[in-house]
Trainee: 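Handing you a structure now.
Here is how names work: the chains are called A, B, and so on, in the same order as the sequence lines, proteins then strands, and each is numbered from 1.
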There are 2 protein chains.
Amino acid sequence: MQSKIMTKQTSPTEPPRGTRSAYVTELLRDMITRGDLESGSRVNERVLVEQLKISRTPLREAFKILEREGLISIQPNVGATVVAFTMDDVEASIEVLIGLETIGAERAAERATQAEIDKVAELHTRMVAAFEDSDLMSYFHLNQEIHQNIIDAAHNPALSRVYAAECARIRRFRFAGNRDRSRWERAVREHEQIAEAFARREGPLLRELLRAHHIAGWQKARHALEDDRGAEDKAGPPS
Amino acid sequence: MQSKIMTKQTSPTEPPRGTRSAYVTELLRDMITRGDLESGSRVNERVLVEQLKISRTPLREAFKILEREGLISIQPNVGATVVAFTMDDVEASIEVLIGLETIGAERAAERATQAEIDKVAELHTRMVAAFEDSDLMSYFHLNQEIHQNIIDAAHNPALSRVYAAECARIRRFRFAGNRDRSRWERAVREHEQIAEAFARREGPLLRELLRAHHIAGWQKARHALEDDRGAEDKAGPPS
DNA sequence: TTCGGCAATGTTGCATGCAATTTGCGTCAA
DNA sequence: TTGACGCAAATTGCATGCAACATTGCCGAA
């Protein structure tokens, strides 16, 4: 348990920069995304206070934030639990993300600055490099960054905000998409087209490419996750 | 100031049902929506603690929640301010709402149960009654409820959640839309069509009606708000 | 007069203690 | 054996005190 947290820390002696509250919020978010805190499991204040070496006040503030983000659920006088997503919940979120990108893509094609287009092109180049290095972690982050950058190019702060929040909610379920090489290769090709359509400001095309990309990606991820879940059920008894 | 809060309370002796934290969150949200806390103004903890008769802990938790909702902004070690929206910010939010309803409308037309359709029809009837009574407040709430109910009929929890959150953010700017009677009448007619399209499950039509409805409503509201803002600037010196 | 530094005041961030509520367990009766 | 009841332990909700930080106003030097 302790070791899992230690692996997260960038330096052995953790420097809680900023407020404790913001620090612990981010830490918990990562712990949930990484699976250190399991879906559906209770989150005990005392345990976390001891692990993270902070007092209950900032921790409880973090709980409230994460509850609003949809990552945990708080029952008054009972406690917090990590929200357990069904596959349908994730699919619902992806449907929302697709909808948001649908608005975003057309606006971005209209309103993006050249600098923003160049930025996405650069991220894409780096992402391809990560792919060729088989660096899944870097690939994943660059992938997310590309999508967010396209959305941001729509110059709609509300859109950027909502999109980022919804991405964060389901981040933990999106690693599974590119586990087999063939899907991964296809995803890279799709991104190639996406980057080109964005560079050419072809809004409707960009929109449809993004939609297709998400649907294909999710289909793979869903199957992978369902296999995982099946394997888990066989491996350990349900608690 | 005190009096404004008193008008909000449903009973003279406030019964903070549930946790203090949830109670004060809702109270602050209402205070912001109603304009009791002005856009851009600092929000002092001590003042609110004395007004609301609660301690700083639940108040600060409420701040964190409202910050995540996008209603206030917290600068560490400085304090909280009510987020000041520009007209462009509101327009950006509405663009997002339109996008969300675009997804929602088609899904709702496919997936709605008869009970959900009946519910919207009933709300619509009540809304028309409120219109005929010139009960702007009831009208406004029923209006919101209709839109949310249509979205909910899409049976997509993520969508319902995001939509509700985004509505709450800009609620305070949407009163202004139906102030002149002609626009109000037109809005009711538009809602008539919307309710019919929903009842007939005509997804694409519903989608376009909703889009047109929002755009027309916002155009009016924007002008009304700009007039207000102009009047304010003349009335009082900018602080 | 204006600008920089400094003290005084006010405000926020956090830790901790206490009260209220829930949960777990043991006992007893049916 | 099962179910209900009641007490104890654990856990959460909240209030409050203290420390850290920011802001304001004042004073002196240029």
Trainee: Taking the side chain of P58(A) as heavy atoms from C-beta outward, which of dT16(D), dT23(C), dC14(C) is closest to it?
Mentor: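 In terms of side-chain proximity for P58(A), the closest of dT16(D), dT23(C), dC14(C) is dC14(C).
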
Trainee: Roughly how many Å is it from CG in L59(A) to P in dG13(C), rounded to a whole number?
Mentor: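 Those two atoms, CG and P, are 17 Å apart.
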
Trainee: Expressed as a whole number of angstroms, how long is the span from E50(B):CD to dA15(D):C1'?
Mentor: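 Roughly 15 Å, once rounded to whole Å.
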
Trainee: Establish whether the base of dT16(D) is bridged to the side chain of T57(B) by a donor-acceptor pair shorter than 3.5 Å.
Mentor: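 Donor-acceptor pair under 3.5 Å: yes.
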
Trainee: Under 4.5 Å between any side-chain heavy atoms of T57(B) and E61(A), yes or no?
Mentor: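 T57(B) does not reach E61(A) side chain to side chain.
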
Trainee: Separation of F63(B) atom CZ from dC14(C) atom C1', in whole Å?
Mentor: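 Taking atom C1' of dC14(C) as the reference, CZ of F63(B) is at 16 Å.
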
Trainee: State plainly whether the residues D88(A) and R222(A) are in salt-bridge range, i.e. N to O under 4.0 Å.
Mentor: yes

Trainee: Expressed as a whole number of angstroms, how long is the span from K53(A):NZ to dT16(C):P?
Mentor: 13 Å

Trainee: Quick one: do R169(A) and E166(A) make a salt bridge, cutoff under 4.0 Å?
Mentor: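 E166(A) and R169(A): salt-bridged.
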
Trainee: Whole angstrom is fine here: how far is it from CG in L52(A) over to P in dA15(C)?
Mentor: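 It works out to 12 Å between those atoms.
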
Trainee: For R42(B) and E61(B), take the nucleotide of DNA chain D holding the closest heavy atom to each; which residue's nucleotide lies nearer the 5' end?
Mentor: E61(B)

Trainee: Under 4.5 Å between any side-chain heavy atoms of I32(B) and R172(B), yes or no?
Mentor: yes

Trainee: Give a yes/no answer on whether the side chain of R46(A) brings an N or O atom under 4.0 Å of OP1 or OP2 in dT11(D).
Mentor: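 For dT11(D), OP1 or OP2 has a side-chain N or O of R46(A) closer than 4.0 Å.
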
Trainee: Between dG13(D), dT11(C), dG17(D), which nucleotide gets closest to the side-chain atoms of R56(B)?
Mentor: dG17(D)

Trainee: Using side-chain heavy atoms (C-beta onward) and a distance below 4.5 Å, is T19(B) in contact with P58(B)?
Mentor: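 Contact flag for T19(B)/P58(B) side chains = no.
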
Trainee: Starting at the 5' end of DNA chain C, which residue's closest nucleotide do you reach first, I74(B) or P76(A)?
Mentor: I74(B)

Trainee: Quick one: E45(A) CD to dT22(C) C1', roughly how many Å, whole number?
Mentor: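 My rounded result for the distance is 13 Å.
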
Trainee: Could you check which of dC14(C), dT11(C), dG17(C) has an atom nearest any side-chain atom of S21(A)?
Mentor: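 In terms of side-chain proximity for S21(A), the closest of dC14(C), dT11(C), dG17(C) is dC14(C).
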
Trainee: Which whole-number value in Å describes the distance from I54(B) CD1 to dA19(C) P?
Mentor: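 Roughly 20 Å, once rounded to whole Å.
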
Trainee: Write down the distance between CG (N77(B)) and P (dA19(D)), rounded to a whole number of angstrom.
Mentor: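 Spelled out: CG on N77(B) to P on dA19(D) is 16 Å.
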
Trainee: Would you mind telling me which of dT12(C), dA15(D), dG13(D) lies closest to the side-chain atoms of T19(B)?
Mentor: dG13(D)

